[in-house]
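Quick notes on the structure that follows.
Quick caveat: nothing in here was measured; it's all calculated off a predicted structure. All chains are named by letter (A, B, ...) in the order of the sequence lines, taking the proteins before the strands, and each is independently numbered beginning at 1.
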2 protein chains.
Amino acid sequence: MTYSYIRDGAEIYRRSFAIIRAEANLGRFSPEQEPVAVRVIHASGQVDAAADLLFSPDFVGAARRALESGAPILCDAKMIAGGITRARLPANNEVICTLADPAVPGLAAEIGNTRSAAALGLWKEHIAGAVVAIGNAPTALFHLLELFDAGWPLPAAIIGMPVGFVGAAESKEALIAFGRIPFLVARGRRGGSAMTVAAINALASTKE
Amino acid sequence: MTYSYIRDGAEIYRRSFAIIRAEANLGRFSPEQEPVAVRVIHASGQVDAAADLLFSPDFVGAARRALESGAPILCDAKMIAGGITRARLPANNEVICTLADPAVPGLAAEIGNTRSAAALGLWKEHIAGAVVAIGNAPTALFHLLELFDAGWPLPAAIIGMPVGFVGAAESKEALIAFGRIPFLVARGRRGGSAMTVAAINALASTKE
């Protein structure tokens, strides 16, 4: 049997984004935020994810300028690093995930935190002006805020989209309250690597 | 400032699963399906994802037996292949994603379908008795059903969780209607690599 379905990838994207723009409540996003929101909603498969998204007013501009000037992208999870479409990146930007570094289990024991949090201790030389994408571990986002409070230089922009039931919502509220870094968060429990990758891919290029 | 949050990964998992078991409606799942459903819900961040999940009665047993006997895991997206926790796999199972194969763009043009669909044409030697994880492209799931109809050998079990607004829901209903392969699907638009990886990780080991 032959199934009836659209087989053209570009047409699937066009129709998907048209459905999202027809169904989702996008009215509170600025013209530069809207395409980022659309891509994140696309990755979530749910138009009501629009209600979770909060952009600081300076986020899209800060993240785009950083990427265009060659800033690295720092990710808390390998799935995020793996999912970023390299061909969309404007300056062949380096994509860094330190979770698999052999030093991480020892660092985690030393600081009494998860491996996801401890892995961020290896970001120090990369963090100034970087674009940060936290899409898995609430502990990573909390620990990064602690490192900033301890005097680390700040990144250009941060995507805070850890997912889950313990600490995820709280870590994202802490990022909003921190207030010193342009941010995009998905408030509440929803988030994850796919939504985070979609945000990076949308910021990397205005091509839809 | 020091934030108050749980820093022990195992304790975060325990509390997360306890919250899901308290809040989600899991009553229609069998005892062997329930831990798989819990992990998929965990990855989605939303307890109402329980309502989307449909297991064929033979799915968990068929998938577990295949993995224990060394079956490969065939994935439509690199993010899925990258996210599977190798240490949980019972037989050091091979994890295969053919999307980046240099033959794929040519195959896609030849069959007039997406690269995600065309990449599955390279699965033929691996498909018999495999565990299939489709968590990204509806076109991949539709095309795989077409290949089975054209006489391909069948896998042991299939996870059908493509995400999105064009074809995703329809492709999963087509898998359910196909009826000749044990399946787990997330009906509707929701799905994606994180939920798909969670299903594989749950099937790979009963450890929570």
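Under a cut-off of 6.0 angstrom, the local environment of OH in Tyr13(B) is sparse, with at most 12 non-hydrogen atoms contributed by other residues, nucleotides or ligands.
In this structure, chain A has heavy atoms under 4.5 Å from both the backbone and the side chain of Ile12(B). Looking at Ser44(A), only its backbone comes within 4.5 Å of chain B, counting heavy atoms on both sides. Ala77(B) does not touch chain A: none of its heavy atoms, backbone or side chain, sits under 4.5 Å away. If you measure heavy-atom distances from Ser171(B) to chain A, you find no contacts under 4.5 Å at all. Only the backbone of Ala43(A) comes within contact range of chain B, with at least one heavy atom under 4.5 Å from a heavy atom of that chain.
The residue among Ile80(B), Ile20(B), Asp8(B) with the most heavy atom pairs within less than 4.5 Å of chain A is Ile20(B). Contact count against chain A (heavy-atom pairs under 4.5 Å) is highest for Met79(B) among Met79(B), Arg115(B), His143(B).
Atom-to-atom distance recorded for Tyr3(B):OH and Glu170(A):CD is 13.0 Å, nearest 0.5 angstrom.
By a heavy-atom distance cut of under 4.5 Å, Glu23(A), Ile41(A) are the residues of residues 22-41 of chain A near chain B, going up by number. Of all residues spanning residues 193-208 of chain A, those with a heavy atom less than 4.5 Å away from chain B's heavy atoms are Ser193(A), Ala194(A), Val197(A), arranged by number.
When side chains are defined from C-beta on, Glu11(A) does not count as touching Val166(B), because their heavy atoms never get closer than 4.5 Å. Side-chain contact check for Gln46(B) versus Arg190(A): some heavy-atom pair is nearer than 4.5 Å. Residues Phe142(A) and Ile6(B) form no side-chain contact, since every pair of their non-hydrogen atoms from C-beta on lies 4.5 Å or further apart. Taking 4.5 Å as the limit, some side-chain heavy atom of Arg189(B) sits within range of a side-chain heavy atom of Val47(A).
A parallel orientation is assigned to the rings of His42(B) and Phe165(A), their planes being inclined by less than 30° (bins at 30° and 60°).
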